[in-house]
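Here the structure is laid out as structure tokens; the discussion comes afterwards.
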Amino acid sequence: WGKLKFLDGGDLISACGVVCQPAVVWGHDKSFVKYTLEVDQNERYKNQPVILEKRAYYSQVLHFIALKLPPTFCIGQPSSHIMAVIMPIKPLPTPLNEFGMPSYKKLGPIQVVDASTIECVVGRVKDRDTWTIIKRHSIIQHFGEELEAASESRGDLG
């Protein structure tokens, strides 16, 4: 599949391997997403108990794959799953920006994740040879707070 839309007015994700146009400096690329996976904190220690924590990741979606699994895979009932073929960003070791977002120069190896782990579409901004991930609600919230502070200092608000 080339596109996936979240229900209830959610984001529309475009899979880059299917529908992306050639890179344009000011174009809209809806193939970059934030997703969350549960990761074992003790994954490097075999004899330690499994302690899962949620971690956020960012990647470019290449394709969506719909799978119908037979009853033998799913305790008696067939089920459908949508998987996302992705290339995660390789975050730079530099500190996060003021919005808490990572920067990167390269994408990592191809992986497959459950599409239900995708939370939202994210944007990105290029500065020389580095890309920085941006989330729309972080930017809107930041500028909303700045506008409110400026209005208060001028006495515009009640």
Taking every non-hydrogen atom, the tightest pair across [X] and [Y]:
X    : Y    : value
V122 : I134 : CB-O, 3.4 Å
Q60  : S31  : NE2-OG, 3.0 Å
A15  : L62  : CB-O, 3.3 Å
P109 : P88  : O-CD, 3.3 Å
M83  : D114 : CE-N, 3.7 Å

Gap between atom [atom2] of [Y] and atom [atom1] of [X] - 0.5 Å precision:
X   : Y    : atom1 : atom2 : answer
K34 : C120 : NZ    : SG    : 6.0 Å
F64 : I13  : CZ    : CD1   : 4.5 Å
S14 : F32  : OG    : CZ    : 12.0 Å

Point to revise | S59 side chain reached by V33 side chain, heavy atoms, under 4.5 Å | key: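 Yes, close enough: below the 4.5 Å cut-off.
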Review point. Below 4.5 Å, heavy atoms only, C-beta onward: do W131 and S103 meet side chain to side chain?
Key: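 When only atoms from C-beta onward are counted, S103 and W131 do not touch, as no gap falls below 4.5 Å.
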Exercise for review: Step through the shown structure and confirm whether more than 12 heavy atoms of other residues, nucleotides or ligands are within 6.0 Å of CD1 on I110.
Suggested key: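 Incorrect, the count does not exceed 12.
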Review point. Under 4.5 Å between side-chain heavy atoms, hopping through other hydrophobics if needed: is there a path connecting Y35 to L52?
Key: no
Exercise for review: Examine V112 and L67 and state if one hydrophobic cluster contains both, with Ile, Leu, Val, Met, Phe, Trp and Tyr joined whenever side-chain heavy atoms are less than 4.5 Å apart.
Suggested key: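 Yes, because V112 and L67 connect within a single hydrophobic cluster, where side-chain heavy atoms sit under 4.5 Å apart.
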Exercise for review: Starting from the C-alpha separation in whole Å, work towards a yes-or-no answer on side-chain contact (heavy atoms from CB on, under 4.5 Å) for V85 and V61.
Suggested key: CA-CA 6 Å; V85 179; V61 176; over 6 Å; no
Check your understanding: R124 and Y104: side-chain donor and acceptor closer than 3.5 Å?
Key -> yes
Study note, to complete from the structure: residues 37-49 vs side chain to side chain donor-acceptor pair (under 3.5 Å), sequence neighbours excluded, gives Q41-E53
Review point. Between T117 and Y57, does a side-chain contact (heavy atoms from CB on, under 4.5 Å) hold up when you go through it step by step?
Key: CA-CA 10 Å; T117 63; Y57 297 93; over 6 Å; no
Exercise for review: Begin with the C-alpha distance, continue with both residues' side-chain angles, and end with the deciding distance and a verdict on side-chain contact (heavy atoms from CB on, under 4.5 Å) for D129 and K105.
Suggested key: CA-CA 7 Å; D129 63 342; K105 292 184 181 185; 3.2 Å; yes
Point to revise | Derivation of the side-chain contact (heavy atoms from CB on, under 4.5 Å) call for T130 and L92 | key: CA-CA 9 Å; T130 303; L92 296 174; 3.7 Å; yes
